[in-house]
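Below: one structure, written as structure tokens.
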Protein chains: 2
Amino acid sequence: MEKYLTWYKEIIKKNGIKNTVQKEAVLNVLIKASSHLTVEEIYQQIKDVKIGLATVYRSLKLFEDLGIAKEIPMGGARYYELKLFGKKPLHIHFKCMNCNAMTDIDDTETNLDYIRLNQKVEHKMGLEVNDANITLLGLCKECREKLNAQTK
Amino acid sequence: MEKYLTWYKEIIKKNGIKNTVQKEAVLNVLIKASSHLTVEEIYQQIKDVKIGLATVYRSLKLFEDLGIAKEIPMGGARYYELKLFGKKPLHIHFKCMNCNAMTDIDDTETNLDYIRLNQKVEHKMGLEVNDANITLLGLCKECREKLNAQTK
DNA sequence: CTACCTGCAAAACGTTTGCAAGACG
DNA sequence: CGTCTTGCAAACGTTTTGCAGGTAG
């Protein structure tokens with residue numbers, strides 16, 4: 001947590017960008033959440049810090065450029081989450097078509113399977129893969145059982 | 001091609017929807033392109049057919065509901081492409097971060113690898129996977145070579 | 001002290017909607 | 001004929017931008 005902040009400060013200094021309360025507030029929300037959030041959700045959590053919506057947008061775009069954050073577009077909405085920062089090199093999103101909930105599939109082995117597969121593609125196609133957006137669509141466990149119980 | 005049209009007409013009849021020149025025009029663009037297009041790109045190709053932008057949107061949404069087309073969100077923009085219609089049960093998109101080109105990775109074996117992996121997740125997590133959006137980000141072959149040549 | 005950053009409000013953008021007119025079956 | 005569909009323009013929500021003032025380094 002502290003480590004993230006320190007690392008972030010080095011990055012922006014190296015790029016001649018100034019640190020501000022606002023940028024740090026946005027970053028902190030992302031760190032604490034450690035999962036995908038919409039711009040609005042981020043804004044709601046820090047609007048007491050005297051920050052304008054525009055600044056939230058600007059900060060997120062900056063973080064994206066610096067490789068700190070990542071955008072995940074999903075059916076009209078745009079989610080943001082921390083990228084790299086060591087922990088999660090890749091993970092998979094799952095969206096339930098029935099209840100519209102969006103969750104992470106947080107299974108190390110599965111994630112590694114996907115990373116391995118991405119590398120296979122990289123070599124086979126002669127390109128360089130730096131990142132991957134993987135979203136599975138279907139029915140979550142709960143909805144699946146509920147729908148099956150109704151025998152339709 | 002003709003087969004698609006016939007199939008489509010059966011589907012919409014079954015749902016009590018009326019066929020029109022406009023809907024068919026949108027569908028034809030998708031069939032001919034057989035790859036991802038933005039709403040604007042679709043509109044440009046058929047605006048001579050006397051069609052309004054709103055109708056393109058409405059048709060695409062309808063096609064999505066009927067399971068004919070599929071939306072692929074990518075960094076702010078929304079792409080559409082034909083779904084199912086037999087041929088491609090899943091395929092992977094690749095976006096080059098340098099030239100911004102978006103291409104399909106059209107390799108049967110690779111696609112099958114991903115489908116197998118998706119099924120593995122399905123069983124492991126107890127959910128039902130009906131569809132998947134997979135987009136890889138990185139450098140395409142051309143840009144990779146170009147950038148390497150510059151030795152930076 | 002200078003360059004960068006911010007908030008605000010206005011503008012731009014993509015998408016959706018209400019409505020009256022039109023077309024399909 | 002009735003219902004579904006269309007084009008248009010207005011409405012809408014989200015994202016971006018210009019600008020004058022503020023702040024970090």
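Chain A is the first sequence line, chain B the second, and so forth, proteins listed ahead of strands; every chain is numbered from 1.
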Inset, instruction - Nearest whole angstrom, please: distance from the P of C:dT6 to the CD1 of A:Ile46. - result: 11 Å
Inset, instruction - Nearest whole angstrom, please: distance from the P of C:dT15 to the NZ of B:Lys61. - result: 10 Å
Legend entry - Within residues 14-22 of chain A, residues whose heavy atoms come under 4.0 Å of DNA chain D: A:Lys18, A:Asn19
Legend entry - Test item: A:Lys47 and A:Val56 side chains (from C-beta on) under 4.5 Å apart, heavy atoms: no
Legend entry - Between A:Asn133 and A:Lys70: side-chain donor-acceptor atoms closer than 3.5 Å: yes
Inset, instruction - Check whether the side chains of B:Asn28 and B:Tyr4 place a donor and an acceptor atom closer than 3.5 Å, and report yes or no. - result: no
Legend entry - Contact list for DNA chain C against residues 48-57 of chain A - heavy-atom distance below 4.0 Å: A:Lys50, A:Ile51, A:Gly52, A:Ala54, A:Thr55
Legend entry - Parallel, tilted or perpendicular: ring planes of B:Tyr114 versus A:Tyr114, cut at 30 and 60 degrees: tilted
Inset, instruction - Report the distance from atom NZ of B:Lys23 to atom P of C:dC24, rounded to the nearest whole Å. - result: 10 Å
Inset, instruction - Provide, to the nearest angstrom, the distance between the CD atom belonging to A:Glu24 and the P atom belonging to C:dT6. - result: 12 Å
Legend entry - Side-chain heavy atoms of B:Lys23 within contact of B:Ile17, under 4.5 Å: yes
Legend entry - Beyond-backbone contact of B:Thr110 with A:Lys120, side-chain heavy atoms, under 4.5 angstrom: no
Legend entry - Separation of C:dA23 C1' from B:Ile12 CD1 (nearest whole Å): 14 Å
Legend entry - Whole-Å distance separating the CZ atom of A:Arg58 from the P atom of C:dA9: 14 Å
Legend entry - Under-4.0 Å side-chain N/O to phosphate OP1/OP2 contact, B:Arg78 with C:dT15: yes
Inset, instruction - Output yes when a side-chain donor or acceptor of B:Glu122 lies under 3.5 Å from a complementary backbone atom of B:Glu128, and no otherwise. - result: no
Legend entry - Distance in angstrom units between B:Glu64 CD and C:dT15 P, rounded: 12 Å
Inset, instruction - Give a yes-or-no answer on whether the side chains of B:Glu40 and B:Gln44 include a donor-acceptor pair shorter than 3.5 Å. - result: yes
Legend entry - Euclidean distance, atom CG of residue B:Leu27 to atom C1' of D:dT5 [Å, nearest integer]: 17 Å
Legend entry - Side-chain touch A:Tyr8/A:Asn19, heavy atoms, less than 4.5 angstrom: yes
